[in-house]
Amino acid sequence: MRYSIARDTLATAFGFAVAFLPAQSFASGNKIALVPGGPHPYFAGWVQAEQDAAKDFGISSAEYKVPTEWKLQAQTELLESLAAQGVNAFGFFPGDPVGINSTLEEFKSNNIPAIAIAGCTQDPTDAEFCFATDVYQAAYMGTKALIQSMGGKGAIVHLAGLLVDPNTNLREKAVEKAVSETNGAVTLLQTIGDTDDQEKGDQKVNALLASKKDQVGGIIATAYISSVVATKALRNLGDKRIKLVGIDDDKIVLDGIHDGFVAGTVAQNPYGQAYVGTYSLDLLASGCSVKPGAPWITTPQTAHFIDSGTVLVTLSNIDAYKEELKALSHKMQKTFKDTYLACK
Amino acid sequence: MRSCLNDKFSRTPSRGIADLLIRGSARFGLLFILLVLWIVFSSLSPGFLSRFNLGSMFRSVAVDVVVGCAQMVVLATGGMNLSVGAIGVCAVMSVGYFLQVLNLPLPIAILATLGVGGLLGWLNGVAIAKTGVNSFVVTLASASLFSGGMLILTKGVPLNALPPALGSFGRMSFGPVPALALVTIAIGVVLHIAFFHTTLGRQILAAGANARAAEMSGIRVNRIVVVAHSLSGMLAAAAALMLTARLGAAMPSVAGDDWVLPSFLAPVIGGTALSGGEVSVVGAILGALLVATIRSGLLILQIGDFWLQLFLGVFLLAAIMFERYRATLMLRQQVRRL
Amino acid sequence: MNKMFEFAIRRQWSGILAVIIAGAIGLSIVTPAFLTSFNWFVMLRSVCVSILVAFSQMVMLGVGQMNLSVGALGGLAAIIVGGLMDAWGWPALPAIAFALMVGGVAGFINGWLTVRTGINGFIVTLATASAFAGINLGITKAVPFYNLPSNFLAFGNGKIGFFPILLVVPVIVTFFLAVFFSRSVEGRYLLAVGGNSTSAELSGISVSRAIVISHVISGLLAAAAGVLAVAQLGSAQPTIGADWLVISFAAPIIGGASLSGGSISIVGTVIAVLLVGLIQNAMVLLAVDPYWVTFLLGALILVAVWINRYRAVHLDVD
């Protein structure tokens, strides 16, 4: 018995001693990490952008790490592990807009800046700012485009993403607003949530088409996988009557536009988000801080919002939209420091 | 409690570490593995012992231990509780509801939530005792019932405007030791005393070891089962409270299925028997620490974020097999000595 | 007439069948969309995978064990068949064969570990589930495989009238399992071991062998379910199998399997899967909150088990 107590005490003492030592792993060269909320094809657009930014601005280390599943705990574990390995600036998509704040508070008290990308945290928050798509505007724009392609009348269905994602709620409101502006010519038949998943989305879309195919004139999909699944379903059905406007630019959706099954899609700007995001993180970690008087947008979630831009992709600009977005990103980067940051 | 066969007064000469390992209790073997891992991980990556990492580990261990205890009290009776996660998420949303919607003061909300957990556990116990159906099936069904019911009532909407007092407690820590860890230790101490020094505790263990014999000795096994399940529900609710404090928000996406595997691993690695009748609170704590250490170590060594899950499964199997092997060796040694 | 009535009473699944028929009639009155060809196609296609998943667990229940790695195993097979076709360009049939083989090997590992180490099958399959899911994640890094050959996709989407071509697989498997358990020696041995392993052992039946064989069959079935899921979805998603556990137990139990082992009902399992499929379809058609499905599933299991106990105790059946 004596042995186990002695060893136990020794280990604990050792642990305490090292823990109380000043954290030496936070060296001077900036180590930046981008962390999505979980595995999702949308974030693939971040990888190249981060590398380009690291190259263009001479950042010593820029990593991209994905939590193994869409669980807040997986993300916070990963974030803390990275911090323990010396990362001193984070860009992340919040696994939960409120739940992530306690980790951010910890980071802030250790002088590690963090910004929310592609999705925002809920104020009061220690994230420096949120750099994302104005999802309300994007959904609104998409629905208006759908209504136009339907000739201004008919019934539409909204395929929404995860119900627990606050972005979903904003998108629902935007769709409803666009519909209400038609003064009854267009009606919202149903909103189906949790379709941003291959298995579930597939099931729900097929069941919807099975039961209500003839009543539906148009579909607005405001989530990545929902758009993919809807495109495939319409293609399988061979249906070109039902108009579909989706979001993001998965190859399947783009092919759908080419072949006439999809009217258009709202492309977000993951490249710009990661490119400008990495750039600004480097500045923040080097001592810059956010400028209070900058032209922040206020959303229901945060008072420090910057729109990363969207583009409506249709058959007319399907080959040029990527360059459009890249040009937009570079333009944003050039003016970013002066507009939003105060550097010594 | 270990039997007399390996008390320190036996006269056989010690043959070194290996012998000590074999003869020592299972808990000692676990502690040894833990220390080895800590030394290995910290030497390979100094970040392992940083305040960040330790704090993160201890905070998740704190919750995992209580979840493990929730399972442990049912394992003691020879059954299992597959609805620990479901009760957990119900408790999370309950406390959110009590605090945000009903605006109850914090202590009342906490008590009410523990009550909810106890009630759900009680339902499990009664269903098992009254119908005589296997606890596996009943709790598998009730897990679906509870989580489905919760989702219907809450529509999956998180409640994140909770009073800040809860969140600050969750973030509080004394050096690298989070306040939540102290709560866990308190719970652990209470459970240890309950199992080994109270009549009820002994009755639970007896019922688990041999239900027939216990019944014949005058122990009302049905009542014991109900009590054990109610206790399990309350512990699950306690873990849920700790998790909510940690996050500062009540979200329906936590707990649930995530808790099922850890709830078994911690006690089983720590020496709680699946067949019932034997528990170890210290073992559950060490078991949870072991799992957290492996996860944290592999993460910080960057051994494939995505291969982590595989390593975890293999490590755990190895740990259990090692423990089995050790127990067999010990038995053989004892028999030889006789 | 009396004989038929007695036959119905003695079979657990007769009640479920009655519920299905009543439900179908009621549903077709409320939503005529229920009777459309497309709807039947969608519904039947969705039960194909579930039937195999349920069978995978049913075999284990027959021998008195359980397999918690059904979902993880199926997911791994799904990834392998998808990965071989997408990343390595294999044609469909060899890829499927390889994936099934992996399923069998994984099942063998499960069985071997359970028998050799003497650790409870519950813990073993819990750990291997984690390991298989880990391999799945490690290979895919959570990115699905999309590029599947067109003949494979046609198999998944094809239909004759409203019968999905996919349905052929569960039908054949059902037939084989029925023959296996009622006519073959191995099958009878499995059930004997499940019923009472001690007396089976004393009668000269090798319990270890039975356990290993049942794990292999379970693995093969889970792998087949994974392959079908890929065909149905048109892509190999790493999340396939994630929520198979509950249905894998629910269907055999609702169908009348005994938890202690030795008594299973193939017909009952199929009918139970049909019931769940019907409920899911009804939920969508009626635009009911999908969370009700989870809730109802739990309630169904309890009711089914309670009825089973009632029959066993009061009607002297079993």
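Within every chain, numbering begins at 1; the chains are lettered A, B, ... in the order of the sequence lines, protein sequences first and strands thereafter. Keep in mind it's a predicted model, so treat the numbers as computed, not measured.
Atom CD1 of B:Ile300 and atom CG of A:Leu82 lie 9.0 Å apart (nearest 0.5 Å). Here OG of A:Ser102 is found 7.5 Å from CZ of B:Arg59. Values are rounded to the nearest 0.5 Å. Between the OG atom of B:Ser296 and the CD atom of A:Glu77 there is a distance of 7.5 Å, given to the nearest 0.5 Å. Atom-to-atom distance recorded for B:Asn53:CG and A:Gln85:CD is 8.5 Å, nearest 0.5 angstrom.
With a threshold of 4.5 angstrom between heavy atoms, B:Ser56 approaches chain A through its backbone and through its side chain. For B:Arg295, the part lying under 4.5 angstrom from a heavy atom of chain A is the side chain only. For chain B, the nearby part of A:Glu105 is the side chain; its heavy atoms alone come within less than 4.5 Å.
When the shell of 6.0 Å around CD of A:Glu128 is examined, it contains more than 12 heavy atoms from other residues, nucleotides or ligands. B:Tyr97 OH: 12 or fewer foreign heavy atoms inside a 6.0 Å radius.
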Report the C-alpha separation of B:Leu247 and A:Leu72 in whole Å, then their side-chain angles, then the decisive distance to 0.1 Å, and conclude whether the side chain to side chain contact (heavy atoms under 4.5 Å, CB included) test is met.
CA-CA 9 Å; B:Leu247 293 174; A:Leu72 179 63; 3.3 Å; yes

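For the pair B:Arg246 and A:Thr76, the minimum side-chain heavy-atom distance is below 4.5 Å.
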